[in-house]
Q: 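Dumping the structure here so I can ask a few things about it.
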Amino acid sequence: MCRPRSAACPLAIAPLILLLLLGCSSPKSATDHDSLVYWRTLTGGAGNAQDELVQRFSSKHPGTPVKAEFQGSYADLAAKLTAAAISGAGPDVAQLGTFEIRQFAKAGALVDLRSFAESSDGLDVANWPGTVAKAGEVDGGLYWLPFNVTVPILYYNPDAFASAGIEGPPKTWAEFHDQARRLTVRDDRGEVTRAGVALWNITWPLISAIWS
């Protein structure tokens with residue numbers, strides 16, 4: 001959720017904030033016939049879901065329509081938000097990745113949503129997974145309401161496991177580490193011919209594993 005446009009850093013957070021905007025301290029209200037600007041990322045089904053949320057909100061609150069603007073990847077969007085903060089312009093609401101939330105919150109660019117979420121007409125987060133809800137907490141404040149969470153899945157090769165004498169996939173990080181070593185195959189020169197584990201060529205799955 002953005003700070004008012006007169007403030008130094010008009011940045012925002014995740015899409016579910018669209019449900020709360022009419023109750024925030026923004027200069028705009030439900031009677032203002034003006035649009036709210038929402039910067040988003042993700043394509044495909046995740047992008048279509050956001051467009052649907054925006055359409056549903058605008059239909060329910062015709063006095064405050066939302067204009068969704070695709071800004072590229074998470075990194076692209078974060079860079080544009082940084083530039084917007086410097087220039088004093090930017091969206092009312094935006095979708096940030098997990099890693100960017102803390103950085104922008106620490107910089108004082110985001111609105112603390114706890115009072116909105118815990119108000120009498122706020123959101124019931126009792127059934128939210130604890131790790132998901134707490135990921136948006138920074139210094140006692142709540143700076144995101146996640147509408148999507150990516151969950152990495154471990155795929156394994158039963159034939160490779162059988163050849164290494166391993167009965168099934170690991171259930172703990174200690175087993176994961178041990179099995180990865182046992183599954184690694186090297187030739188006579190010591191060169192790896194089969195890696196025991198392969199990760200995506202992006203950093204966040206590895207970072208998430210380290211955090212856990």
Side-chain angles (χ1 to χ4, degrees), residues 12-17 38-54 68-82 94-106 110 123-139 142-212:
I13 66 161
L16 279 182
I17 303 313
Y38 166 50
W39 282 7
R40 72 166 183 83
T41 181
L42 301 180
T43 57
N48 295 337
Q50 293 177 76
D51 289 337
E52 180 183 348
L53 286 174
V54 167
E69 298 177 353
F70 178 73
Q71 300 296 331
S73 67
Y74 279 116
D76 293 335
L77 194 153
K80 292 177 181 179
L81 284 176
T82 301
Q95 179 189 15
L96 288 174
T98 308
F99 304 116
E100 291 87 359
I101 290 289
R102 181 169 294 274
Q103 298 171 20
F104 281 97
K106 285 286 189 179
L110 306 181
L123 295 177
D124 182 4
V125 299
N127 293 324
W128 286 14
T131 52
V132 173
K134 291 183 179 300
E137 296 181 356
V138 180
D139 298 334
L142 179 63
Y143 295 94
W144 81 340
L145 295 175
F147 88 113
N148 70 312
V149 178
T150 300
V151 181
I153 297 175
L154 174 66
Y155 293 90
Y156 73 103
N157 185 328
D159 293 336
F161 272 61
S163 67
I166 303 174
E167 293 184 358
K171 297 180 180 179
T172 67
W173 284 118
E175 290 182 2
F176 180 88
H177 183 264
D178 175 66
Q179 292 180 11
R181 287 183 175 276
R182 293 169 60 185
L183 288 163
T184 300
V185 177
R186 299 176 183 272
D187 61 19
D188 295 338
R189 297 176 298 174
E191 299 291 334
V192 174
T193 58
R194 185 182 71 194
V197 61
L199 299 174
W200 284 324
N201 60 343
I202 51 178
T203 59
W204 70 261
L206 176 60
I207 293 174
S208 298
I210 293 171
W211 282 351
S212 69

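Every heavy atom of this structure was used, including side-chain atoms; hydrogens, water molecules and symmetry mates were not. These figures come from a predicted structure and were not determined experimentally.
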Q: Which heavy atom of A135 sits nearest a heavy atom of W144, and at what distance?
A: CB-CZ2, 3.2 Å
Q: Could you tell me the separation between the CG atom of D76 and the NZ atom of K80, rounded to the nearest 0.5 Å?
A: 6.0 Å
Q: Is there a side-chain contact (heavy atoms from CB on, under 4.5 Å) between L110 and V138 once you walk through the steps?
A: CA-CA 11 Å; L110 306 181; V138 180; over 6 Å; no
Q: Using every non-hydrogen atom in the two residues, find where D139 and K106 come nearest and quote the distance to one decimal.
A: OD2-NZ, 3.0 Å
Q: Is the backbone of E175 close enough, under 3.5 Å, to the side chain of D178 for a donor and an acceptor to pair up by distance?
A: no
Q: Restricting to side chain to side chain donor-acceptor pair (under 3.5 Å), what partner residues turn up for N157, sequence neighbours left out?
A: none
Q: Nearest heavy-atom pair of Y74 and G97: which atoms, and what distance?
A: CD2-N, 3.3 Å
Q: Hey, could you give me the CG/CG distance between L145 and L123, rounded to the nearest 0.5 Å?
A: 6.0 Å
Q: Side-chain contact test, heavy atoms from C-beta onward, threshold under 4.5 Å: evaluate it for Q50 versus T41 and give yes or no.
A: no
Q: Write down the atom of A164, the atom of R182, and the distance for their closest heavy-atom approach.
A: O-NH2, 3.4 Å
Q: How close do V54 and Y38 get, heavy atom to heavy atom, and via which atoms?
A: CG2-CD2, 3.8 Å
Q: Within the structure provided, determine whether L183 and Y156 are in side-chain contact (heavy-atom separation under 4.5 Å).
A: no
Q: To the closest 0.5 Å, what do you measure between CG (L42) and CZ (F70)?
A: 8.0 Å
Q: Is any side-chain heavy atom of S163 closer than 4.5 Å to a side-chain heavy atom of F161?
A: no
Q: What's the verdict on side-chain contact (heavy atoms from CB on, under 4.5 Å) for L77 and L96, showing C-alpha distance, side-chain angles and the deciding distance?
A: CA-CA 8 Å; L77 194 153; L96 288 174; 3.9 Å; yes
Q: Can you give me the closest heavy-atom contact between G196 and T184, atom names plus distance?
A: N-OG1, 3.1 Å
Q: Roughly how far apart are Q103 CD and L81 CG, rounded to 0.5 Å?
A: 11.5 Å
